[in-house]
Asks: 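Submitted below is the structure of interest, expressed as structure tokens.
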Amino acid sequence: MDNWRLASMAGLAGLVLAGALLAAGRGALIEAAAIEPFRVEVASAHAPAADGRWSGRVVPPELTARTVVRVDGQVIDDASGHVREDMSDGTLSVALGDAPGLRLIEVELPRQGGAEVATDAALIGPFRERWGEGPECGAGVRVAAAAIDRLVLPPLRAKLLAAAPSIGLLGPATTIEEASVTLLGDALFFRVALAGEHRIAVAGKLEVRVAGSRQLGVRLASLGPVEFSGTLRTRATLGAAALGAAITGPLAPLGALAGYALADGYIDRRARQEVETQLTAALAVASAIPLIPERAELIVGEPRSRATLAFCAVAIEAGGIAAHLSVRPDRPEPRTGEEAGRVRTRLAAIPGPARHGLSLPPLRPVAPTADAEVELSLDTVDALLDAWTANGLLGELMGRAQWVERVDEELGEWTTLGLEGIEVRLPPSLSPGTGDGWALTIAGLRLDLTGSEGDDPGEVLVAGRGLVRPHYDGARGRIALAGTIDRLRLSCARAGALWPCFAALLELGDVEARLDALLAPGAAGLPGIDVRTLLRDGTQALREGGLELADLTISYPAHGVLRVAAEVR
């Protein structure tokens, strides 16, 4: 009995001691957390990862073993070999994979009352040179042969008919018997027949090639028979026959026939020479005419959206004409010293647009399913976003769309916080996604919050992931961006340290759902492009009032390629 009592007392004492140790340990953790709240120290928040790895240090180090690391929402575990940990000083090192673009890195500390998450982002290369001389053919245009016949040839026939009376041999009552163009095997076959006081008909083959950054060269490859008939030809040949008869005397019939043949052949040769000379000269002039502007504002009325355009390749088949072009954003041109300083700061933080290595579909086959198609590679769009972030245009577009006012109004519905401004430090990063849109990662958004109580939270940084889809609003004739947000994180940062902040703000306010509402099709949450007006204004040379956009569809024909197909009337 005494032994049992002693054992019981010893067990009780051990239990009390264990409880005391646990309580002391828990108290120590609580005390440590109170003194050193959970945070992650990094060399630079929301920055490039030159070696393809993200590194950070968990503080206090004792919490390292309990943390969970996610990259783009996926848990990265030790067994995979992608995470290296040093429990003694809290260091974490995470491999980020080879795919270029932004990575969303979340270091989560599970707690009983809810997890704490410190969020960072890293930018992975390789990176494209911003303003290199070599063209990268990231844009394509395809025009159907049927659309050329229906929309382009009628105004050209009208211009030809208007110019015909100035040709002395034709006269004011000239009509067009035929004016056709056939596309086949890298060439355009044409035939034109005009009938007035005389009749002239000519046919031939034209070859098209890239002749410069803005020109397509058109060359006369071959010229068919030139038909010329009328009173002038009759007078010339009959006069030649009479002269031949007078000279040959007894052999007059034969002389007249020879004179007629010589005169007729001479007229044919002269007509062919004249047509070939005039056509060659006209084609030389046409080949020198720029078909695309050297620099174009991709957002009409906004100089910071300018890009340099250049032809890369052209192809012709029976189905239509196709061309690939390069689109290179222009260098920023700051107007003030303050603006120049902001541009330098952004450029220093961004090594350049990520290069995914995605290419457009080949030029052939060139037959589009609609009247016209425009294709853009994801690399081209990323390059534009990079340049527009550097020169401040992206932030300005967000301002025009009243994002600050919208978010501030939403905040006021459930919190005392307010939003004074948003600074865009890193460009949004796109990746191919699943086929019905492009995956979007955002980071480097700094919020100017007002109404926060207590200590200064430092810089409030936003990072997140979602899906973005271009959407056509047929009623307004605009292409605008729509999308959804799957993950959204706020972190506070100061002196290389990141820590969770305002988590309750996101959860209680259901911010992701509210943002989705702003990004829904038709909500005008993001800026758009008025393609109907652009088409109308850009085709004034074809006809008065320009061409009208009848319908527009958006698809993804290849990995990382966006296609806009338009029906025109």
Side-chain angles (χ1 to χ4, degrees), residues 141-171 174-212 214-230 233 267-292 311 313-323 363-368 371-372 539 541-543 547 568:
V141 179
R142 300 170 189 268
V143 181
I148 295 174
D149 290 341
R150 180 166 52 87
L151 300 172
V152 179
L153 287 184
L156 289 182
R157 290 189 187 100
K159 292 177 184 290
L160 179 63
L161 189 58
S166 63
I167 301 174
L169 292 175
L170 293 175
T174 301
T175 60
I176 297 179
E177 290 185 355
E178 183 180 358
S180 63
V181 173
T182 304
L183 310 179
L184 186 63
D186 281 334
L188 295 92
F189 293 86
F190 69 93
R191 178 171 172 78
V192 176
L194 298 172
E197 294 181 9
H198 296 80
R199 181 181 180 277
I200 301 175
V202 61
K205 173 185 175 182
L206 305 178
E207 290 182 349
V208 181
R209 58 182 175 80
V210 174
R214 304 165 61 197
Q215 293 88 21
L216 292 180
V218 184
R219 183 181 74 86
L220 181 62
S222 62
L223 184 65
V226 175
E227 303 171 21
F228 177 63
S229 59
R233 181 185 187 111
I267 290 175
D268 280 343
R269 289 194 300 274
R270 287 288 298 164
R272 182 183 175 84
Q273 291 171 0
E274 183 65 21
V275 168
E276 187 168 358
T277 299
Q278 295 297 330
L279 190 55
T280 300
L283 292 176
V285 173
S287 298
I289 298 175
L291 298 181
I292 56 175
F311 281 115
V314 63
I316 297 173
E317 285 184 351
I321 299 177
L363 283 176
R364 290 184 171 84
V366 301
D371 290 335
T539 55
L542 282 178
R543 72 180 186 202
L547 299 177
V568 183

Asks: Restricting to non-hydrogen atoms, name the atom on P154 and the atom on D149 that form the minimum distance, rounded to 0.1 Å.
Replies: CD-O, 3.2 Å
Asks: Check V366 against I321 and note the closest heavy-atom contact, atom names and distance.
Replies: CG2-N, 4.3 Å
Asks: Please find the pair of heavy atoms, one from E317 and one from P365, that lie closest to each other, and give the distance.
Replies: OE1-CA, 3.6 Å
Asks: With a 3.5 Å distance limit and no angle check, can you tell me whether R209 reaches the backbone of V314 through a side-chain donor-acceptor pair?
Replies: no
Asks: Using atom types as modelled and distance alone, determine if a side-chain donor or acceptor of R214 lies under 3.5 Å from a backbone N or O of I292.
Replies: yes
Asks: Does R157 have any side chain to side chain donor-acceptor pair (under 3.5 Å) partners at least two apart in sequence or in another chain, and if so, which?
Replies: none
Asks: Between the side chains of E227 and R191, is the shortest nitrogen-to-carboxylate-oxygen separation below 4.0 Å, so that they form an ion pair?
Replies: yes
Asks: Compare all side-chain heavy atoms of V181 with those of I148 and state whether any distance is below 4.5 angstrom.
Replies: no
Asks: For K205 and F190, which heavy atoms make the closest approach, and how far apart are they?
Replies: N-CE2, 3.9 Å
Asks: List the atom of V208, the atom of V218, and the distance in Å for their closest heavy-atom pair.
Replies: CG2-CG2, 4.5 Å
Asks: Report the residues that fulfil side chain to side chain donor-acceptor pair (under 3.5 Å) with Q215, sequence neighbours left out, ordered by chain and then residue number.
Replies: none
Asks: With heavy-atom distances below 4.5 Å as the criterion, would you say the side chains of L194 and I176 are in contact?
Replies: yes
Asks: Starting at CG of L223, measure out to CG of L206 and round the result to the nearest 0.5 Å.
Replies: 9.5 Å
Asks: Applying side chain to side chain contact (heavy atoms under 4.5 Å, CB included), name anything that partners A144, two or more places apart in sequence or on another chain.
Replies: A147, P368
Asks: Show the numbers, then the answer: is there a side-chain contact (heavy atoms from CB on, under 4.5 Å) between T182 and L188?
Replies: CA-CA 6 Å; T182 304; L188 295 92; over 6 Å; no
Asks: Taking atom CZ of R364 and atom CD1 of I316, what is their separation to the nearest 0.5 Å?
Replies: 8.5 Å
Asks: Looking only at heavy atoms, which two atoms of V210 and F311 are closest? And how far apart?
Replies: CG1-CB, 3.9 Å
